[in-house]
Amino acid sequence: MHRWSELFIPTLREAPADAEVASHKFLVRAGYVRQLAAGIYSYLFMGQRSFNKIMNIVRQEMDTIGQEFFLPAIHPRELWEESGRWTVMGQNMFRLKDRKGAELALGMTHEEVMTDIARKELRSYKQLPQIWYQIQTKFRDEPRPRSGLLRVRQFIMKDSYSFDIDAAGLDVSYKKHYDVYCRIFDRCGLKYMVVEAHSGAMGGSLSHEFMVRTPAGEDLIVSCEKCNYAANMEKATSQLEAVDDLKPEGDGKPLLVHTPGQKTIEDVARYLGVSPKNKIKTLALMANEVDGKSGKAKPRAVILLMRGDHQMNEAKLSSAVGGLETRPMQEEEIVALFHSPAGFLGPIGIDWAKSLDDGDKPILIVDEALKGRKNLISGANKQDYHVKNVTPEGSFHPTAYADLRSVVAGEACPNCGAPLRIDTAVEIGHIFKLGYKYSESMGTRVLDRNGKEVMPIMGCYGIGIERILTAIVEQNNDENGFWLPPQVAPFEVVVVPTNVSDDKIRTTAEDIAHRMEAAGFEVLLDDRDERPGVKFKDADLVGIPFRVNVGKKVTEGTVEVVQRSTREMRDASISAITEYFQNLLRPAL
RNA sequence: CGGGGCGUAGCGCAGCCUGGUAGCGCACCUGCCUUGGGCGCAGGGGGUCGUAGGUUCAAAUCCUAUCGCCCCGACCA
């Protein structure tokens, strides 16, 4: 029997001053967690019970498609050098040395370790497919931990990895994860959405994120009001309304116009009496290209053209340039390439690369929204001058077209045309087709049915355990506290005798708690000698979905059952209390 | 890493400007009282004022350095 009087449930009347988001405030106030350092938390009794229940759900569902492992948290440097991520991960990886001076890292994720097992053990297509998973602590030295448990430096993740003989096999493993993730989040009582995600620079072909809408979220997701279209901001697109092109002026060839002192898009558009939609925005960047052979970084100019009223999206840019790092050009670099000061840049008159591999020539990437447009206005690469009659493919030739533009709320859904909305959200799960990256770099090979050596194709799949709890709290709270669904709550029912000095009330509460526990319910008996108000406030705070008030009505043979989420209160018969909760919590049985 | 803010009792805060050896509410302990929404009364315990150095007869208070935490931004396969 769990007696509140004997447990450590340190509830607080006030939240710590540095807690901002609801889940942080309430998980601390409810005595679930305590902070040890920035982004590092201790999980106390109530928190740990809840995490255990969440992990059990994850484990049960994952066991239907995969096998549970438990891998080390400490990894040798050499392993991460093989995949190339020892350097790629940079400051985000916690690193340490052992007494002999050997370098180690705390695992941020486990592709390397899993792949190491795979390459050493897997020999034949007959051993595939495999899905291996674990529930393990991950370490990431986040530049800025924040929002309580939402962005931390040590956290629990369920991560799994699939190995398949071919892309069709990966499709199956991927789909299995997709379905299992839906079941897991459904069982956790979450309202979530699945969005197409930016698959990164690592050659991944497909990726979905499982997102929970909440103001506390750090990610932006775009979704359609009408159809089921949903995508990460980094991936989202929209239908654009057609724009009327300007009429050609003069002979239709590029025409120099004097625009003294007019530098910004708005200035120029106003000065020339046109819409920014007919103006080309020129963004000048430098990318750091790493030479495959020498390993040396060399700068390469990357110029972007966008419609005047559009905003560039960093992640889309990153995809467009194959993951190269970019930075804005310095003034001297701009002058060197365009022979013009910033503010009057344009694509005309420069020898652009024909492809990304075209020597050292500057790269010109043009946003899809400019494809097919005519008679635009761009800078003239000359102080105080712009050019009219600029037409892609006619006046200049892009290296490539790409989607570079950030979607704006209210634009039309690419599927159905209804308005799109943009919300902040928390990522609770991510599934990802990895492809051959690790098989390739770390040398995993098996023989196919023809006896030929082939690389297995991989997928990786993650769920943030803490984020499930925090997302639920973000979704289910009011001014008094929060409520968890019974499947993930530390207790299903809290039994509250209003006055433990009253023998009848106390013994009835004891009896109810014992009978319910015997019937298989997770019950917390609040046997503290406190005033009812104190106990009710605490009961409301700590996330338990049902409360049984044992009070004066015991003389009538009844108690009150309160549903935390709705505040709905009903009388229930003391003698039939276990049946009451059977119907409520175990309806199938 | 850039910008801002904060470190005084378990939690929330005042005191600092104008130096004189630390206070309030809640929590905690004891007793009485009370028992349906954080009751009441009385008594009590607890703080090297983040740390180190400096100025001064005297530093929570002024100066310097440093550490930590929070927020905004950058970053986040």
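From a predicted model like this one, the values you see are computed outputs, not experimental measurements. Just so you know, these numbers use all the heavy atoms, side chains as well, and skip hydrogens, waters and symmetry mates.
Rounded to whole Å, the separation between the C1' atoms of B:U18 and B:A74 comes to 42 Å. Using atom P as the reference point in both B:G4 and B:C49, the two lie 28 Å apart (nearest Å). Spacing between B:G20 and B:A42 at atom P, rounded to whole Å, works out to 31 Å. Comparing the C1' positions of B:G31 and B:G47 gives a spacing of 27 Å, expressed to the nearest Å. For the P atoms, the distance from B:U61 to B:C1 is 27 Å, rounded to whole Å. Nucleotides B:U66 and B:C75 have their P atoms positioned 28 Å apart, rounded to a whole Å. Between B:G46 and B:A9, the distance separating the two P atoms is 15 Å to the nearest Å. Comparing the C1' positions of B:C70 and B:G36 gives a spacing of 39 Å, expressed to the nearest Å.
Here the P atom of nucleotide B:A77 and the NE2 atom of A:H430 are 9 Å apart, to the nearest Å. With rounding to whole Å, A:E142 atom CD is found 9 Å from B:C75 atom C1'. A:M89 has its CE atom 13 Å from the C1' atom of B:C75, to the nearest Å. Separating the CH2 atom of A:W4 from the C1' atom of B:G38 is a distance of 12 Å, rounded to the nearest angstrom. One interatomic measurement links the two molecules: OH of A:Y461 to C1' of B:A77, which rounds to 15 Å at whole-angstrom precision. Taking atom CZ on A:R29 and atom C1' on B:G12, their separation rounds to 12 Å, with Å as the unit. The nearest whole Å value for the distance from the CD atom in A:E20 to the C1' atom in B:G12 is 15 Å. Remark: P of B:C75 and CG of A:D219 are 13 Å apart, rounded to the nearest angstrom.
Remark: A:R34 fails to qualify as a cation-pi partner of A:Y41 under the 6.0 Å distance and 45° angle criteria applied to the six-membered ring. For A:R564 and A:F546, the positive end is not near the middle of the six-membered ring at less than 6.0 Å and at most 45° from its axis.
Annotation: side chain to side chain donor-acceptor pair (under 3.5 Å) contacts of A:D219 (sequence neighbours excluded): none. Applying the side chain to side chain donor-acceptor pair (under 3.5 Å) criterion to A:Y174, with sequence neighbours excluded, gives A:H208. Residues satisfying the ring pair (Phe, Tyr, Trp, His ring centres under 6.0 Å) criterion with A:Y133, sequence neighbours excluded, are absent altogether. Contacts of A:R531 classified as salt bridge (charged side-chain N to carboxylate O under 4.0 Å, His left out), with partners at least two apart in sequence or in another chain: none. In this structure A:W132 satisfies the ring pair (Phe, Tyr, Trp, His ring centres under 6.0 Å) test together with A:F69, A:F163, sequence neighbours excluded. With sequence neighbours left out, A:F51 forms a ring pair (Phe, Tyr, Trp, His ring centres under 6.0 Å) with A:Y43.
Both A:Y161 and A:G39 sit near RNA chain B, but only A:G39 has its closest nucleotide nearer the 5' end. Each of A:R528 and A:C460 lies near RNA chain B, and the nucleotide nearest A:R528 is the one positioned closer to the 5' end.
Nucleotide B:C1 has B:G73 as its partner under the Watson-Crick or G-U criteria, with both atom distances under 3.5 Å. Within the shown strands, nothing qualifies as a pairing partner of B:A60 under the Watson-Crick or G-U definition with both distances less than 3.5 Å. Base pairing of B:C26 is made with B:G10, judged by Watson-Crick or G-U wobble geometry with both donor-acceptor distances under 3.5 Å. Partner assigned to B:G45 is none, using Watson-Crick or G-U wobble distances below 3.5 angstrom. With a cut-off of 3.5 Å on both Watson-Crick or G-U wobble distances, the partner of B:U51 is given as B:A65. For B:C16, there is no paired base (Watson-Crick or G-U wobble, both distances below 3.5 Å).
Comparing B:A77, B:C69, B:C75 against the side chain of A:R146 picks out B:C75 as the nearest.
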For salt bridge (Lys or Arg N to Asp or Glu O under 4.0 Å), just list the numbers for A:R95 and A:E103, CA-CA rounded to whole Å, side-chain angles, deciding distance to a tenth of an Å, and then say yes or no. CA-CA 7 Å; A:R95 295 157 207 258; A:E103 293 185 87; over 6 Å; no
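Contact annotation for A:S147: backbone-only contact, meaning every heavy-atom pair under 4.0 Å involves sugar-phosphate atoms and none involves a base. Residue contacts for A:P145: at a heavy-atom cut-off of 4.0 Å it reaches the sugar-phosphate backbone alone, with no base atom in range. Here A:Q91 lies out of heavy-atom contact (under 4.0 Å) with every strand. At a threshold of 4.0 angstrom between heavy atoms, the contacts of A:A19 with the nucleic acid are absent.
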For nucleotides 32-37 of chain B, read 5' to 3', which letter fits each nucleotide if B means a protein heavy atom sits under 4.0 Å from the base, S means only the sugar-phosphate is that close, and - means neither? --BBBB
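A ring-ring contact (aromatic ring centres under 6.0 Å, His included) check over residues 455-481 of chain A, counting only residues at least two apart or in different chains, returns the pairs A:H177-A:Y461.
The number of heavy atoms from other shown groups lying within 6.0 Å of CZ (A:R570) does not exceed 12.
Between A:H2 and A:F491, the two ring planes are perpendicular [angle over 60°; tilted spans 30° to 60°].
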Pairs: protein N or O with nucleotides 1-11 of chain B N or O, under 3.5 Å:
unit_1: B:C11; atom_1: O2'; unit_2: A:E14; atom_2: O; d: 3.4

